[in-house]
Amino acid sequence: MNSPFHQSEVFNLGICGARTGDIIRRELPEALSLGGEVFLLLAGTNDMLGDAGHGVSPEEYESNMRYLISALSAAGRVMVLTIPPVAEEREYQLQPAEKWTETPTERIALGNAVIERLEKELQLPVCDIHRIFSRFDLDSFDSPLRNPANSGAVDSVHPTAEGYRMMARALYRRFQEFDWHPRRVVCLGDSITCGAYMEGQGSATGETYPAFLKRLLDGDAPAAVHFASQD
(Lines give C-alpha, C1' and ligand atoms only; values in the text may rest on other atoms or scores of the structure.)
Protein backbone atom coordinates (compact mmCIF):
# COMPACT_ATOMS: atom_id res chain seq x y z
CA MET A 1 0.00 0.00 0.00
CA ASN A 2 2.98 2.31 -0.48
CA SER A 3 2.61 3.36 -4.11
CA PRO A 4 -0.38 5.31 -5.42
CA PHE A 5 0.16 3.85 -8.91
CA HIS A 6 -0.72 0.18 -9.33
CA GLN A 7 -3.33 -2.12 -10.80
CA SER A 8 -6.15 -2.29 -8.29
CA GLU A 9 -9.00 -4.72 -7.72
CA VAL A 10 -12.33 -3.13 -6.93
CA PHE A 11 -15.36 -5.28 -6.14
CA ASN A 12 -18.93 -4.05 -6.47
CA LEU A 13 -21.26 -6.02 -4.18
CA GLY A 14 -24.15 -3.54 -4.29
CA ILE A 15 -27.65 -5.01 -4.55
CA CYS A 16 -30.60 -2.97 -5.80
CA GLY A 17 -33.16 -2.43 -3.07
CA ALA A 18 -30.88 -3.61 -0.28
CA ARG A 19 -31.39 -2.33 3.26
CA THR A 20 -28.76 -2.72 5.96
CA GLY A 21 -30.25 -6.03 7.05
CA ASP A 22 -29.91 -7.34 3.49
CA ILE A 23 -26.30 -6.15 3.35
CA ILE A 24 -25.54 -8.07 6.54
CA ARG A 25 -27.08 -11.26 5.20
CA ARG A 26 -26.17 -11.13 1.53
CA GLU A 27 -23.09 -8.93 1.07
CA LEU A 28 -21.09 -9.07 4.28
CA PRO A 29 -20.04 -12.75 4.04
CA GLU A 30 -18.73 -12.26 0.49
CA ALA A 31 -17.05 -8.99 1.43
CA LEU A 32 -15.15 -10.67 4.25
CA SER A 33 -14.10 -13.53 1.96
CA LEU A 34 -12.50 -11.17 -0.57
CA GLY A 35 -9.64 -10.00 1.61
CA GLY A 36 -10.24 -6.33 1.02
CA GLU A 37 -7.84 -3.74 2.36
CA VAL A 38 -10.54 -1.05 2.29
CA PHE A 39 -14.29 -1.53 2.60
CA LEU A 40 -16.63 1.22 1.39
CA LEU A 41 -20.11 1.17 2.89
CA LEU A 42 -23.01 3.20 1.49
CA ALA A 43 -26.24 2.15 3.13
CA GLY A 44 -29.38 3.84 4.33
CA THR A 45 -31.37 5.17 1.39
CA ASN A 46 -33.72 2.17 1.39
CA ASP A 47 -33.76 1.98 5.19
CA MET A 48 -34.82 5.60 5.48
CA LEU A 49 -37.08 5.95 2.43
CA GLY A 50 -38.58 2.47 2.05
CA ASP A 51 -42.30 2.07 2.76
CA ALA A 52 -42.70 5.87 2.77
CA GLY A 53 -40.28 6.15 5.65
CA HIS A 54 -41.86 3.41 7.77
CA GLY A 55 -39.49 0.58 6.83
CA VAL A 56 -36.55 0.76 9.25
CA SER A 57 -36.32 2.82 12.44
CA PRO A 58 -33.24 4.96 13.09
CA GLU A 59 -32.46 2.68 16.04
CA GLU A 60 -32.47 -0.45 13.87
CA TYR A 61 -30.44 1.33 11.21
CA GLU A 62 -27.85 2.32 13.81
CA SER A 63 -27.69 -1.21 15.21
CA ASN A 64 -27.14 -2.68 11.74
CA MET A 65 -24.54 -0.07 10.83
CA ARG A 66 -22.63 -0.78 14.04
CA TYR A 67 -22.66 -4.48 13.22
CA LEU A 68 -21.40 -3.92 9.67
CA ILE A 69 -18.69 -1.47 10.71
CA SER A 70 -17.47 -3.78 13.48
CA ALA A 71 -17.31 -6.84 11.23
CA LEU A 72 -15.60 -4.98 8.40
CA SER A 73 -13.16 -3.17 10.71
CA ALA A 74 -11.93 -6.54 11.97
CA ALA A 75 -10.88 -7.36 8.40
CA GLY A 76 -9.55 -4.04 7.06
CA ARG A 77 -10.11 -0.31 6.89
CA VAL A 78 -13.65 1.01 6.61
CA MET A 79 -14.99 4.22 5.13
CA VAL A 80 -18.69 5.06 5.28
CA LEU A 81 -20.40 7.29 2.74
CA THR A 82 -23.19 9.54 3.94
CA ILE A 83 -26.67 8.98 2.51
CA PRO A 84 -27.16 11.23 -0.54
CA PRO A 85 -30.00 13.76 -0.59
CA VAL A 86 -33.38 13.01 -2.10
CA ALA A 87 -35.42 15.05 -4.59
CA GLU A 88 -38.62 15.25 -2.57
CA GLU A 89 -41.04 16.13 -5.37
CA ARG A 90 -39.84 13.12 -7.37
CA GLU A 91 -40.08 10.91 -4.29
CA TYR A 92 -43.68 12.02 -3.76
CA GLN A 93 -44.44 10.92 -7.31
CA LEU A 94 -43.20 7.46 -6.36
CA GLN A 95 -44.58 7.36 -2.80
CA PRO A 96 -47.38 9.93 -2.32
CA ALA A 97 -46.93 12.59 0.33
CA GLU A 98 -49.91 11.44 2.40
CA LYS A 99 -48.12 8.16 3.19
CA TRP A 100 -45.26 9.93 4.98
CA THR A 101 -45.30 11.02 8.63
CA GLU A 102 -41.82 12.57 8.22
CA THR A 103 -40.58 14.05 4.97
CA PRO A 104 -38.03 12.16 2.88
CA THR A 105 -35.46 14.84 3.67
CA GLU A 106 -36.12 14.47 7.38
CA ARG A 107 -35.70 10.71 7.13
CA ILE A 108 -32.37 11.08 5.30
CA ALA A 109 -31.26 13.52 8.00
CA LEU A 110 -32.04 10.92 10.69
CA GLY A 111 -29.87 8.38 8.91
CA ASN A 112 -27.01 10.80 8.45
CA ALA A 113 -27.23 11.79 12.11
CA VAL A 114 -26.50 8.14 12.92
CA ILE A 115 -23.45 8.21 10.65
CA GLU A 116 -22.24 11.46 12.23
CA ARG A 117 -22.62 9.94 15.69
CA LEU A 118 -20.66 6.84 14.69
CA GLU A 119 -18.00 8.98 13.03
CA LYS A 120 -17.35 10.82 16.29
CA GLU A 121 -17.65 7.83 18.59
CA LEU A 122 -15.59 5.37 16.54
CA GLN A 123 -13.23 7.84 14.84
CA LEU A 124 -14.74 6.49 11.65
CA PRO A 125 -13.54 7.76 8.26
CA VAL A 126 -16.51 9.22 6.39
CA CYS A 127 -16.95 10.59 2.88
CA ASP A 128 -19.72 13.19 2.87
CA ILE A 129 -21.54 12.58 -0.41
CA HIS A 130 -24.66 14.25 0.95
CA ARG A 131 -22.82 17.56 1.34
CA ILE A 132 -21.40 17.37 -2.19
CA PHE A 133 -24.70 16.55 -3.88
CA SER A 134 -26.66 19.07 -1.80
CA ARG A 135 -24.80 21.92 -3.47
CA PHE A 136 -26.85 21.30 -6.62
CA ASP A 137 -30.43 22.01 -7.62
CA LEU A 138 -31.61 18.40 -7.68
CA ASP A 139 -34.29 19.20 -10.27
CA SER A 140 -31.88 20.83 -12.72
CA PHE A 141 -30.13 19.41 -15.77
CA ASP A 142 -26.84 19.64 -13.87
CA SER A 143 -28.10 17.65 -10.91
CA PRO A 144 -25.93 14.68 -9.89
CA LEU A 145 -29.20 12.73 -9.48
CA ARG A 146 -31.30 11.45 -12.36
CA ASN A 147 -34.39 13.54 -13.01
CA PRO A 148 -36.75 14.48 -15.86
CA ALA A 149 -34.46 17.30 -16.99
CA ASN A 150 -31.27 15.26 -17.42
CA SER A 151 -32.53 11.74 -18.10
CA GLY A 152 -36.29 11.85 -18.59
CA ALA A 153 -36.61 9.76 -15.43
CA VAL A 154 -38.93 10.16 -12.46
CA ASP A 155 -36.12 9.35 -10.06
CA SER A 156 -35.33 10.84 -6.69
CA VAL A 157 -32.16 9.07 -5.52
CA HIS A 158 -30.01 7.45 -8.23
CA PRO A 159 -26.97 9.35 -9.51
CA THR A 160 -26.18 10.21 -13.10
CA ALA A 161 -22.88 9.09 -14.60
CA GLU A 162 -21.42 12.44 -13.57
CA GLY A 163 -22.81 11.94 -10.08
CA TYR A 164 -20.99 8.62 -9.84
CA ARG A 165 -17.84 10.28 -11.10
CA MET A 166 -18.17 12.90 -8.34
CA MET A 167 -18.47 10.14 -5.77
CA ALA A 168 -15.30 8.46 -6.99
CA ARG A 169 -13.36 11.73 -6.96
CA ALA A 170 -14.52 12.47 -3.42
CA LEU A 171 -13.52 9.00 -2.23
CA TYR A 172 -10.15 9.20 -3.93
CA ARG A 173 -9.54 12.56 -2.29
CA ARG A 174 -10.35 11.04 1.10
CA PHE A 175 -7.94 8.19 0.39
CA GLN A 176 -5.26 10.78 -0.29
CA GLU A 177 -6.04 12.58 2.97
CA PHE A 178 -5.64 9.35 4.93
CA ASP A 179 -2.64 8.25 2.80
CA TRP A 180 -4.48 5.10 1.77
CA HIS A 181 -3.26 3.30 -1.37
CA PRO A 182 -5.26 0.07 -1.38
CA ARG A 183 -4.90 -2.66 -3.95
CA ARG A 184 -8.20 -4.35 -3.06
CA VAL A 185 -11.34 -2.30 -2.40
CA VAL A 186 -14.73 -3.84 -1.63
CA CYS A 187 -17.86 -1.71 -2.11
CA LEU A 188 -21.03 -2.66 -0.23
CA GLY A 189 -24.45 -1.08 -0.52
CA ASP A 190 -27.68 -0.78 -2.44
CA SER A 191 -28.58 0.33 -5.97
CA ILE A 192 -26.39 3.42 -5.69
CA THR A 193 -23.32 1.24 -5.19
CA CYS A 194 -24.61 -1.21 -7.78
CA GLY A 195 -24.87 1.62 -10.30
CA ALA A 196 -28.53 1.35 -11.24
CA TYR A 197 -29.35 2.46 -14.80
CA MET A 198 -25.66 2.90 -15.67
CA GLU A 199 -23.39 1.02 -18.04
CA GLY A 200 -21.61 -1.65 -16.00
CA GLN A 201 -24.35 -1.92 -13.37
CA GLY A 202 -23.29 -4.36 -10.66
CA SER A 203 -19.61 -4.22 -11.58
CA ALA A 204 -16.47 -2.11 -11.39
CA THR A 205 -16.67 -1.28 -15.08
CA GLY A 206 -18.51 1.37 -17.07
CA GLU A 207 -20.12 4.27 -15.22
CA THR A 208 -20.55 2.97 -11.66
CA TYR A 209 -18.73 4.70 -8.82
CA PRO A 210 -16.56 1.59 -8.23
CA ALA A 211 -15.55 1.78 -11.90
CA PHE A 212 -14.58 5.45 -11.73
CA LEU A 213 -12.73 4.84 -8.46
CA LYS A 214 -10.76 1.95 -9.97
CA ARG A 215 -9.56 4.19 -12.81
CA LEU A 216 -8.29 6.74 -10.30
CA LEU A 217 -6.58 4.08 -8.20
CA ASP A 218 -4.94 2.68 -11.30
CA GLY A 219 -3.04 5.88 -11.91
CA ASP A 220 -5.28 8.77 -12.94
CA ALA A 221 -4.13 10.75 -9.90
CA PRO A 222 -3.74 14.09 -11.77
CA ALA A 223 -7.41 13.97 -12.69
CA ALA A 224 -8.35 13.30 -9.09
CA VAL A 225 -6.32 16.24 -7.85
CA HIS A 226 -7.68 18.52 -10.57
CA PHE A 227 -11.31 17.76 -9.79
CA ALA A 228 -11.02 17.63 -6.00
CA SER A 229 -11.64 21.35 -5.57
CA GLN A 230 -14.78 21.13 -7.73
CA ASP A 231 -16.37 18.48 -5.51
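Heavy atoms only: backbone and side chains are in, while hydrogens, waters and symmetry mates are out.
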Going by an N to O cut-off under 4.0 Å, is there a salt bridge joining Asp139 and Arg90?
yes

Can you tell me if CZ on Arg117 sees more than 12 non-hydrogen neighbours from other groups inside 6.0 Å?
yes

Under a 3.5 Å distance rule, please check whether Ser140 uses its side chain to pair with a backbone N or O of Asp137 as donor and acceptor.
yes

Test log, rule side-chain contact (heavy atoms from CB on, under 4.5 Å), inputs Arg174 and Glu177
CA-CA 5 Å; Arg174 292 294 278 162; Glu177 291 171 357; 2.6 Å; yes

Output the distance between atom OG1 (Thr101) and atom CD (Glu106), rounded to the nearest 0.5 Å.
9.0 Å

Does the Asp22 side chain pair with the main chain of Arg19, one donor and one acceptor, at a distance under 3.5 Å?
yes

Count the heavy atoms of every other residue, nucleotide or ligand shown that sit under 6.0 Å from CZ of Phe178, and state whether that count exceeds 12.
yes

Result for ring-ring contact (aromatic ring centres under 6.0 Å, His included) between His158 and one of Tyr209, Tyr197, Phe133 points to Tyr197

Backbone N or O of Arg66 within a donor-acceptor pair of the Ser70 side chain at under 3.5 Å?
no

Let me see the working for Asp47 and Thr20 under side chain to side chain donor-acceptor pair (under 3.5 Å), right down to the final yes or no.
CA-CA 7 Å; Asp47 296 69; Thr20 48; 2.6 Å; yes

Compute whether any side-chain donor of one residue and acceptor of the other, for Asp128 and Thr82, lie under 3.5 angstrom apart.
yes

Is a side-chain donor or acceptor of Asn64 paired with a backbone partner of Ile24 at a separation under 3.5 angstrom?
no

Less than 3.5 Å apart, any donor N or O on the side chain of Asn12 or Ser203 sitting next to an acceptor on the other?
no

Quick one, Val38 with Val78, criterion side-chain contact (heavy atoms from CB on, under 4.5 Å). Give me CA distance, side-chain angles, the key distance, then yes/no.
CA-CA 6 Å; Val38 167; Val78 179; over 6 Å; no

Within a reach of under 6.0 Å around OH of Tyr92, are more than 12 heavy atoms found that belong to other residues, nucleotides or ligands?
yes

For Glu102 and Arg107, run salt bridge (Lys or Arg N to Asp or Glu O under 4.0 Å): C-alpha distance rounded to whole Å, both residues' side-chain angles, the deciding distance at 0.1 Å, then the answer.
CA-CA 6 Å; Glu102 298 162 302; Arg107 288 286 294 173; 3.7 Å; yes

Starting from Ile15, can I reach Met198 by hopping between I/L/V/M/F/W/Y residues whose side chains sit under 4.5 Å apart?
no

Distance col, row Glu207:CD vs Gln201:CD, nearest 0.5 angstrom, shows 11.5 Å

About how many Å separate OG1 of Thr193 and CD1 of Ile23, when rounded to the nearest 0.5 Å?
7.5 Å

Quick check: is Met79 connected to Val186 through a chain of hydrophobic side chains (ILVMFWY, heavy atoms under 4.5 Å apart)?
no

Has Tyr164 got a side-chain atom pairing as donor or acceptor with Ala211's backbone, closer than 3.5 angstrom?
no

Flag side-chain contact, heavy atom, 4.5 Å: Pro84 against Leu42:
yes

As an exercise, state the distance from CZ of Phe11 to CZ of Phe39, rounded to the nearest 0.5 Å.
10.0 Å

Arg169 to Phe212 six-membered ring, cation-pi geometry met (6.0 Å, 45°)
no

Is Glu37 salt-bridged to Arg184, going by a charged N under 4.0 Å from an acidic O?
no

Quick one: do Gln95 and Glu91 satisfy side chain to side chain donor-acceptor pair (under 3.5 Å)? Show the steps, please.
CA-CA 6 Å; Gln95 302 188 83; Glu91 187 64 28; 2.6 Å; yes

Distance alone, cut at 3.5 Å: any donor-acceptor contact between the side chains of Thr103 and Glu88?
yes

Closest heavy-atom pair, Thr160 versus Ser143, reported as atoms and distance to 0.1 Å, is CG2-O, 3.8 Å

State, to 0.1 Å, how close Met167 and Pro159 come at their nearest heavy-atom pair, and which atoms those are.
SD-CG, 4.1 Å

Taking the side chain from Asn147 and the backbone from Asn150, do they hold a donor-acceptor pair closer than 3.5 Å?
yes

Cluster check Leu72, Val80: I/L/V/M/F/W/Y, side chain < 4.5 angstrom
yes

Kindly compute the distance separating CG (Leu49) from OG (Ser156), expressed to the nearest 0.5 Å.
6.5 Å

